[in-house]
Amino acid sequence: MKEPLPKAYDPKSIEQETYRFWEENGYFKAQTGSDKPPFCIVLPPPNITGALHMGHALTATVQDLLIRWRRMQGYTALWLPGTDHAGIATQMVVERQLQTEGTNRHELGREKFLERVWQWREQYGGRITEQHKRLGASLDWSVERFTMDDGLSRAVREAFVRLYHEEKIVRDNRLINWCVSCQTALSDVEVDRDKPEMSEMWSFAYPLVEGGEIVVATTRPETMLGDTAVVVHPDDKRYRKLIGKQIQHPFQNRTIPVVADEILADPELGTGAVKVTPAHDPNDFECGKRKELELIDIFDDNGVVNQNGAPFAGLDRFEARRRVKQALEEKGLFRGRKDHEYAPGRCLRCRTVVEPKLSLQWFVDTEEMSQLAIDAVKDGRTQFVPKHQEHRYFEWLEKKIPWCISRQLWWGHRIPAWYCADCGEITVTRKDPQACFNCGSFNIEQDPDVLDTWFSSALWPFSTLGWPQETALFKTFYPTSVLETGYDIITFWVSRMMMMGLKLVGEIPFGHVLLHPMIRDQDGNKMSKSRGNVIDPLDVIEGISLEDLLTKTRGYKLPDDEIERAVEYQQQHYPKGFPTCGTDALRFTLAAYTGQDQDIRFSVDRVEGYRKFCNKIWQAVLGFAMPHLTGLEATPGVPEPVTLGDRWILSRLAEVADKVNAHLGDFKVGEATSLLYHFFWDELCSWYIELLKPVFSGDQASAAAKTGRQVLRHVLEVSLRLMHPLMPMVTEVLWQQLPKPADAPPSIMLAAYPTADDGLADPAAQGRAARLMELISAVRTVRAEYDVAPSKAVALIVRSDDPALEPLIEENREMITALARVNDLTIDPAAAPRPNGCATAVIDQAELLVPLKGVIDVDAEKARLAKEQERAQKQFDLAEKKLNNEKFTSRAPEEVVQKERTKLEEARELLGKVASALDRLNEVV
RNA sequence: GGGCGGGUAGCUCAGUUGGGAGAGCGUCGGCCUUACAAGCCGGAUGUCGCAGGUUCAAGCCCUGUCCCGCCCACCA
């Protein structure tokens with residue numbers, strides 16, 4: 001880190017090197033066994049198949065800033081990284097790979113296939129964690145985890161066995177969601193409901209054995225092949241006498257009964273009669289249980305009609321629909337169709353319409369666990385931020401839906417259940433058994449299925465720390481402090497971690513759930529490859545040309561027309577590609593966006609703005625400060641201020657440090673970023689550094705100059721520490737450059753996070769500084785309005801009778817002359833004669849005259865003053881109106897009324913000054 | 001159908017014990033003033049979605065309403 005630094009900020013030249021410096025020195029490593037308070041965040045494990053996207057960048061930014069902040073505050077901070085094996089996703093990737101080799105997993109066999117998956121994982125599974133390093137993430141890589149690690153697999157086994165023996169996990173034949181494409185069962189949260197699409201409600205008649213008919217309506221006519229009843233409401237007069245009668249199935253040699261059921265049948269809907277297919281509809285299934293109806297499964301695992309669906313066996317379910325309708329029409333049973341909106345459930349991963357299907361699967365009984373999870377949030381042991389997101393959590397948990405956890409896949413944690421071929425008993429145990437626990441037979445076979453990926457994810461906050469063993473990590477860091485993630489996985493993940501943590505460990509897994517919004521493109525659309533609006537964080541960090549961007553897009557595995565569309569979008573929206581913005585700017589942007597409650601419309605322009613901020617910091621430290629600070633011996637503690645400027649900036653520093661800590665404590669990250677941005681740029685750079693310039697160009701040995709150097713060094717150094725959690729790279733590099741007391745740590749990461757004690761509160765100095773700034777700004781405005789170049793100095797006459805103003809101006813004469821570019825500053829009493837040809841500005845308790853001989857345009861000046869007059873008049877009128885209102889003066893608090901009186905007086909004075917200036921102008925003419 | 005969030009400058013968004021409407025980007029004018037033109041100085045810009053109400057006082061609280069986004073339910 002000792003190489004000469006470039007003159008201008010260049011993120012590429014510092015970032016990777018800085019990360020290496022931290023990593024090689026082990027600064028990310030959390031020490032257990034210290035007496036410091038613990039602070040722990042577990043990184044939501046990205047899928048090994050995933051590539052870093054903006055959502056990861058956002059999550060990493062927020063978590064890293066919390067971790068760095070707490071670490072600097074003196075906490076033992078652990079940020080634990082890891083990845084998820086992502087069952088279906090990974091298996092699909094490897095299966096596609098096999099396909100290109102002309103083989104498949106069945107040819108390969110289970111064992112060989114799993115070897116291939118592990119191989120794939122070795123090769124690509126670490127990509128995404130490497131990418132986190134580019135974000136500056138201070139993750140403790142020494143404790144990196146993977147959901148299929150031995151340790152985590154032991155935790156999975158432990159959880160399963162314990163829940164099984166408590167009968168919270170059961171094997172049962174139930175209706176589940178079956179994906180005919182992925183060939184596996186899915187849980188309810190893995191079924192996605194799209195916007196409803198136009199479909200039809202199709203009616204047909206079932207002929208009664210005794211003659212007559214009963215008409216039913218359905219969106220899925222093909223399921224009539226598996227119908228085992230028609231239900232009507234017991235009170236429905238139209239059908240009452242049909243209850244108990246038999247229907248002749250039109251295509252099959254069987255009859256089905258008309259049954260009364262007040263739950264499923266609603267006389268108000270449709271025809272009031274409902275066909276019941278217990279094996280292929282959740283409501284019908286429940287009805288079937290109530291009425292002990294026969295279950296007829298008419299589809300095989302591919303969604304093709306089986307022998308039960310004769311004579312339509314062999315047809316795909318959608319083809320079967322067409323043919324059943326056709327056949328019913330031919331038999332004269334068609335009774336009409338209506339347009340109908342219908343939203344079929346789709347497999348979250350492959351978009352195939354899921355088939356409700358009767359199947360023997362493993363389920364978690366969530367009744368008790370859900371309640372534990374609900375209670376923990378209701379009583380505040382775990383708090384959601386923002387709080388209103390709780391409703392998603394409660395809404396889902398309160399349904400207490402059994403969780404189908406078995407998946408018909410090979411990649412994942414295999415279910416630890418062995419079936420005995422001899423006695424039929426199930427053995428469920430922590431260690432693989434040699435024989436049946438019941439009969440001792442060796443003729444046992446393990447369940448071929450694996451567990452839902454989310455089962456292992458649900459254990460993440462404690463399995464990663466060593467549970468079920470009482471490891472030092474586990475004892476130190478459980479429960480973890482904050483769980484930070486997107487609101488979209490509250491049901492998938494947050495709820496289930498709460499359930500499992502409370503059930504298995506007996507304690508909440510985390511104290512706060514911090515939820516961030518989703519990242520969309522600048523128009524509010526979801527980012528998707530096929531749309532072409534995906535912004536890769538690494539492209540923003542490093543910059544990318546349009547050409548390279550398009551090359552990347554053309555490499556996507558997408559249909560040609562989608563690629564063309566994506567390319568077109570990018571040509572239109574990103575004609576110049578993306579500039580190099582750097583990690584710090586990206587992080588600052590993402591942090592600034594988190595104030596929002598709605599989804600983020602990500603704009604690269606904004607990142608570019610913050611890259612400029614990085615340059616501003618760079619220039620302030622290296623360009624301005626360092627030449628004045630070389631060889632400076634840094635005094636420890638807060639320097640004793642000499643000038644008003646010193647007092648003012650140190651006072652502001654105290655306020656800012658205080659507020660930033662408060663904001664971060666409240667998770668108000670956006671507030672903290674904006675505060676730091678404005679403090680550094682608008683106050684430190686635009687005012688304090690500017691007013692140091694005349695000090696530094698004068699006598700180097702003066703008290704003002706000597707203290708100025710110390711204050712400058714101090715304020716910059718504290719500011720860098722304040723900003724470090726947000727912009728870790730640039731702050732580290734610059735911090736290394738600044739002179740520091742001898743006991744300073746080797747990295748800014750290890751330095752203490754600033755508090756109000758790093759500044760010096762001085763409200764009086766702030767008030768006085770504000771008056772000077774007002775004065776200087778007023779002169780600048782006059783200059784700007786008359787287009788006086790900065791290189792040209794002007795004279796300034798301050799007319800005032802305020803006894804406080806004269807000493808203030810005298811003591812800070814240099815500041816005014818330098819910042820307002822004034823060469824001749826005089827202070828006159830308010831009644832002193834006015835010279836000709838002056839532009840006038842009016843401020844609180846003073847009139848400012850700027851002689852501009854020959855430049856003054858009387859009309860322009862009149863117009864200018866008229867505008868000021870108007871503004872003052874408005875203020876005056878407003879205050880007067882309020883004060884004339886008896887209700888206001890009697891009911892408003894005294895201080896508010898007093899404030900209004902002051903305002904009125906100020907406005908009155910302003911008006912007087914402006915009026916006299918106007919008079920003066922008129923005299924001249 | 002039920003619920004949640006949002007509607008503030010051209011754009012993206014801040015704005016809590018209710019008490020002078022803000023920032024960034026953009027825009028306009030002027031500046032190479034020796035850290036920074038990736039900069040500096042200055043200007044303009046608003047029926048705070050709409051309509052009521054409470055209050056001395058409403059962007060903020062209440063009621064109604066419209067629009068956008070999302071969640072849940074229903075969809076025989």
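Note: hydrogens, waters and symmetry copies are ignored here, and every other heavy atom, side chains too, is used. Every chain is numbered from 1, with letters handed out A, B, ... down the list of sequences.
- The interatomic distance linking A:Asp266 (CG) with B:G1 (P) rounds to 17 Å, in whole Å.
- OP1 or OP2 of B:C75 has at least one side-chain nitrogen or oxygen of A:Asn283 nearer than 4.0 Å.
- Contact annotation: the side chain of A:Ile535 approaches that of A:Tyr574 to within less than 4.5 Å [non-hydrogen atoms, C-beta and beyond].
- Nearest nucleotide to the side chain of A:Arg392, out of B:G29, B:C70, B:C75: B:C70.
- Computed from coordinates, the A:Tyr9 OH to B:A38 P distance equals 16 Å when rounded to whole Å.
- Comparing B:U45 with B:A21, their P atoms sit 15 Å apart, to the nearest whole Å.
- Checking B:G3, B:C36, B:C75 against every side-chain atom of A:Lys616, the shortest atom distance belongs to B:C36.
- A:Asp188 and A:Trp396 share a side-chain donor-acceptor pair at under 3.5 Å.
- Nucleotides B:C48 and B:A58, compared at atom C1', are 11 Å apart to the nearest Å.
- Proximity of A:Ile14 to A:Asp10: side-chain heavy atoms (C-beta onward) are nowhere separated by under 4.5 Å.
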Between N or O atoms, less than 3.5 Å apart, protein on one side and nucleotides 17-22 of chain B on the other: list the pairs.
| from | atom 1 | to | atom 2 | distance (Å) |
| --- | --- | --- | --- | --- |
| B:G20 | N2 | A:Gln875 | OE1 | 3.2 |

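- Rounded to an integer number of Å, the gap from A:Glu395 CD to B:C71 C1' is 6 Å.
- Proximity of A:Arg337 to A:Ser203: side-chain heavy atoms (C-beta onward) are nowhere separated by under 4.5 Å.
- You'll find that the side chain of A:Arg601 is closest to B:C13, out of B:C72, B:A35, B:C13.
- Checking B:G39 for Watson-Crick or G-U wobble geometry (two distances, each under 3.5 Å) identifies B:C31 as its partner.
- Pairing partner, B:A23: B:U12, with both Watson-Crick or wobble hydrogen-bond distances short of 3.5 Å.
- Within the shown strands, B:C72 is the pairing partner of B:G1 under the Watson-Crick or G-U definition, both distances less than 3.5 Å.
- Summarising the geometry, the separation between CZ on A:Arg606 and P on B:A38 is reported as 22 Å, rounded to the nearest angstrom.
- Note on A:Glu886: nothing from the nucleic acid sits closer than 4.0 angstrom, heavy atoms only.
- Taking atom CH2 of residue A:Trp618 and atom P of nucleotide B:G39, one finds them 16 Å apart after rounding to whole Å.
- For the pair A:Ala625 and A:Asp682, both in contact range of RNA chain B, the more 5′-proximal nearest nucleotide belongs to A:Asp682.
- The shortest distance between the side-chain N/O atoms of A:Trp681 and the OP1/OP2 oxygens of B:C40 is below 4.0 Å.
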Listed pairs under 3.5 Å, donor-acceptor, residues 256-266 of chain A side chains, sequence neighbours left out:
| from | atom 1 | to | atom 2 | distance (Å) |
| --- | --- | --- | --- | --- |
| A:Asp261 | OD1 | A:Arg290 | NE | 3.3 |
| A:Asp261 | OD2 | A:Leu264 | N | 3.1 |
| A:Asp261 | OD2 | A:Arg290 | NH2 | 2.8 |
| A:Asp266 | OD1 | A:Glu268 | N | 2.9 |

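- Here B:A14 is the nucleotide among B:G42, B:C40, B:A14 with the atom lying nearest to any side-chain atom of A:Glu671.
- B:G20 and B:C28: their P atoms are spaced 34 Å apart (whole Å).
- Among the heavy atoms of the strands, none lies under 4.0 Å from A:Thr271.
- Look at CZ on A:Arg520: it is 7 Å from C1' on B:G69, rounded to the nearest Å.
- Nearest to the side-chain atoms of A:Asp787 among the listed nucleotides B:G30, B:U12, B:C41 stands B:G30.
- Under the 30°/60° scheme for interplanar angles, the aromatic rings of A:Phe588 and A:Tyr677 are found to be tilted.
- When the P atom is compared between B:G15 and B:A9, the two are found 15 Å apart, to the nearest whole Å.
- In this structure, OG1 on A:Thr271 lies 7.0 Å from CD1 on A:Ile214, to the nearest 0.5 angstrom.
- The residue A:Asn885 sits close only to the backbone: its heavy atoms come under 4.0 Å of sugar-phosphate atoms, none of a base.
- When the P atom of B:A37 is taken as reference, atom CZ of A:Arg611 falls 13 Å away, rounded to whole Å.
- Residue A:Met518 is classed as having no contact, given no heavy-atom separation below 4.0 Å to the nucleic acid.
- Comparing the P positions of B:G53 and B:C60 gives a spacing of 14 Å, expressed to the nearest Å.
- At a threshold of 4.0 angstrom between heavy atoms, the contacts of A:Arg783 with the nucleic acid are absent.
- The separation of B:U12 from B:U33, taken at their C1' atoms, amounts to 33 Å, rounded to a whole angstrom.
- Residue-level contact check: A:Thr781 touches the backbone only, with heavy atoms under 4.0 Å from sugar-phosphate atoms and none from bases.
- The line from OG1 of A:Thr902 to CD of A:Glu900 is 9.0 Å long, rounded to the nearest 0.5 Å.
- A heavy-atom distance below 4.5 Å is found between the side chains of A:Cys685 and A:Lys616.
- Separation of the P atoms belonging to B:U16 and B:G49 is 15 Å when rounded to the nearest angstrom.
- With distances taken from any side-chain atom of A:Gln619 to the nucleotides B:C36, B:G24, B:G42, the minimum falls on B:C36.
- Between A:Trp202 and A:Phe204, the angle of the ring planes lies from 30° to 60°, which puts this pair in the tilted group.
- Residue A:Lys693 places at least one side-chain N or O closer than 4.0 Å to OP1 or OP2 of B:A35.
- Comparing B:A73, B:A38, B:C71 against the side chain of A:Lys399 picks out B:A73 as the nearest.
- If you check every strand for non-hydrogen atoms under 4.0 Å, A:Thr218 touches sugar and phosphate atoms only.
- With rounding to whole Å, A:Tyr688 atom OH is found 19 Å from B:C40 atom P.
- Both distances falling under 3.5 Å, in either a Watson-Crick or a G-U wobble arrangement, place B:G52 opposite B:C62.
- Among the atoms of the strands shown, base atoms are found under 4.0 Å from some heavy atom of A:Cys685.
- A donor and an acceptor atom, one from each side chain of A:Tyr487 and A:Asp599, are located under 3.5 Å apart.
- The nucleotide whose nearest atom lies closest to any side-chain atom of A:Arg780 is, among B:A35, B:G42, B:C75, B:G42.
- The separation of B:C62 from B:U55, taken at their P atoms, amounts to 16 Å, rounded to a whole angstrom.
- The residue A:Ile689 sits close to a base: some heavy atom pair falls under 4.0 Å.
- Along RNA chain B, the nucleotide closest to A:Ser777 and the one closest to A:His678 are compared, and the more 5′ of them pairs with A:His678.
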